Student: 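Have a look at this one before I ask anything.
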Amino acid sequence: MVKTHEGKTFTVAVTGASGAACAQTMLRMLDADPRVARVHFVVTASGMRVLTDELGIRAADPRQLPAVLTGTKAAKFDAHLNADIGATIASGSHAVDGMVVLPCSVGTLAKIANGLSDDLVGRAADVCLKEGRKLILCVRETPLNRIHMENMLRAQAAGAVIMPVIPAFYLGVKSIDDLVTQYVCRVLEQMGLAQHAQRRWQGQAKRAAARPLEIAPRRKD
Ligand SMILES: Cc1cc2nc3c(=O)[nH]c(=O)nc-3n(C[C@H](O)[C@H](O)[C@H](O)COP(=O)(O)O)c2cc1C
């Protein structure tokens, strides 16, 4: 694999499933990580819609989104249009260390599991699978029907990592932000980016001493 620069290169795709906060946290952490040199970014039309719905974020051009979502100049980001199937990441000759689809709708899961490459997200994912590169699908839907589950099996059999957006409730989390960060740390570790600040299970004995998550009492009205 020929790399033109030091540091890791990833593709992040955002699709139209719930979980925009996870995508934002992922982009911020990649932006701040000195081990990461370049991040290719692509969002589907439905992904744009969910970003607006869940985070109130709007962008006339989706290529502005890395800067909007990270709140920085997003200098290491290379944002592409989903319709641009001629973008760099559409070719296996363009080396990336891996790709994550976060969140991954069951629509995009179906596309990837069945080899449909009619947009950049589908094509870039297909390229990762054919080149034997890491592809992480952060599927978000509930409940799951048989089609979703069979598509997950197909994608996993082709080499993808299926990593549903399922937060851990047992690691001393105190807020939604904690849940999101904890989940994103798990995805980053799958991408080969060790997260030393991540909370780790220390065994039942230490857990007993930790304060449990505080749940606000229900309002009576
Ligand atoms: C606000 C909102 C939330 C949605 N949440 C989900 C979801 O959690 N999972 C899912 O698979 N689809 C969800 N959808 C439906 C997808 O956006 C829709 O199936 C779309 O066609 C997926 O297209 P894409 O995969 O190209 O992004 C949601 C749609 C909207 C508008």
Side-chain angles (χ1 to χ4, degrees), residues 10-27 30 39-66 68-69 77-87 89-90 98-129 134-156 158-169 176-177 179-184 186-187 190:
F10 295 105
T11 298
V12 177
V14 175
T15 71
S18 186
C22 295
Q24 183 171 38
T25 299
M26 162 74 66
L27 296 182
L30 290 174
V39 181
H40 295 278
F41 173 83
V42 57
V43 60
T44 65
S46 307
M48 284 277 289
R49 185 167 164 171
V50 176
L51 286 174
T52 303
D53 205 72
E54 296 187 351
L55 300 179
I57 282 173
R58 285 169 210 280
D61 184 330
R63 289 170 292 191
Q64 298 165 346
L65 280 171
V68 175
L69 285 162
F77 285 83
D78 196 356
H80 309 280
L81 294 175
N82 194 31
D84 184 10
I85 43 88
I89 52 172
M99 172 172 175
V100 58
V101 186
L102 172 63
C104 181
S105 74
V106 289
T108 289
L109 166 70
K111 180 174 286 198
I112 294 169
N114 292 281
L116 299 180
S117 302
D118 60 352
D119 64 8
L120 187 58
V121 174
R123 173 62 185 167
D126 197 64
V127 165
C128 281
L129 292 179
K134 192 102 179 186
L135 174 66
I136 304 170
L137 304 180
C138 302
V139 179
R140 215 300 326 175
E141 188 50 280
T142 193
L144 296 164
N145 66 31
R146 191 181 182 117
I147 297 167
H148 304 150
M149 291 191 270
E150 286 181 353
N151 282 334
M152 282 194 264
L153 275 177
R154 281 180 72 85
Q156 200 267 355
V161 174
I162 307 297
M163 196 150 185
V165 182
I166 299 177
F169 294 91
I176 291 176
D177 194 43
L179 285 174
V180 166
T181 303
Q182 181 66 19
Y183 171 75
V184 171
R186 294 291 295 270
V187 180
Q190 278 289 324

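Nothing here was measured: the structure is a model prediction, and the numbers come from that model. Counting starts at 1 for both ligands and their atoms, in listed order.
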Student: I'd like the contact residues of ligand 1, where contact means a heavy atom below 4.0 Å.
Tutor: Thr15, Gly16, Ala17, Ser18, Thr44, Ser46, Arg49, Val50, Asp53, Ser105, Val106, Thr108, Arg140, Glu141
Student: In Å and rounded to the nearest 0.5 Å, what is the CG to CG distance from Asn82 to Leu120?
Tutor: 6.0 Å
Student: Enumerate the salt bridge (Lys or Arg N to Asp or Glu O under 4.0 Å) contacts for residues 117-127, please, sequence neighbours excluded, ordered by first and then second residue.
Tutor: Lys111-Asp118, Lys111-Asp119
Student: Using the side chain to side chain donor-acceptor pair (under 3.5 Å) criterion, which residues pair with Asn114? Sequence neighbours excluded.
Tutor: Asn151, Arg154
Student: Determine whether more than 12 heavy atoms belonging to other residues, nucleotides or ligands lie under 6.0 Å from atom CD1 of Ile162.
Tutor: yes
Student: Name the residue from Thr11, Ile136, Val161 that meets the side chain to side chain contact (heavy atoms under 4.5 Å, CB included) definition with Val100.
Tutor: Ile136
Student: For residues 138-148, which residue pairs qualify under salt bridge (Lys or Arg N to Asp or Glu O under 4.0 Å), counting only residues two or more places apart or in two chains?
Tutor: Arg146-Glu150
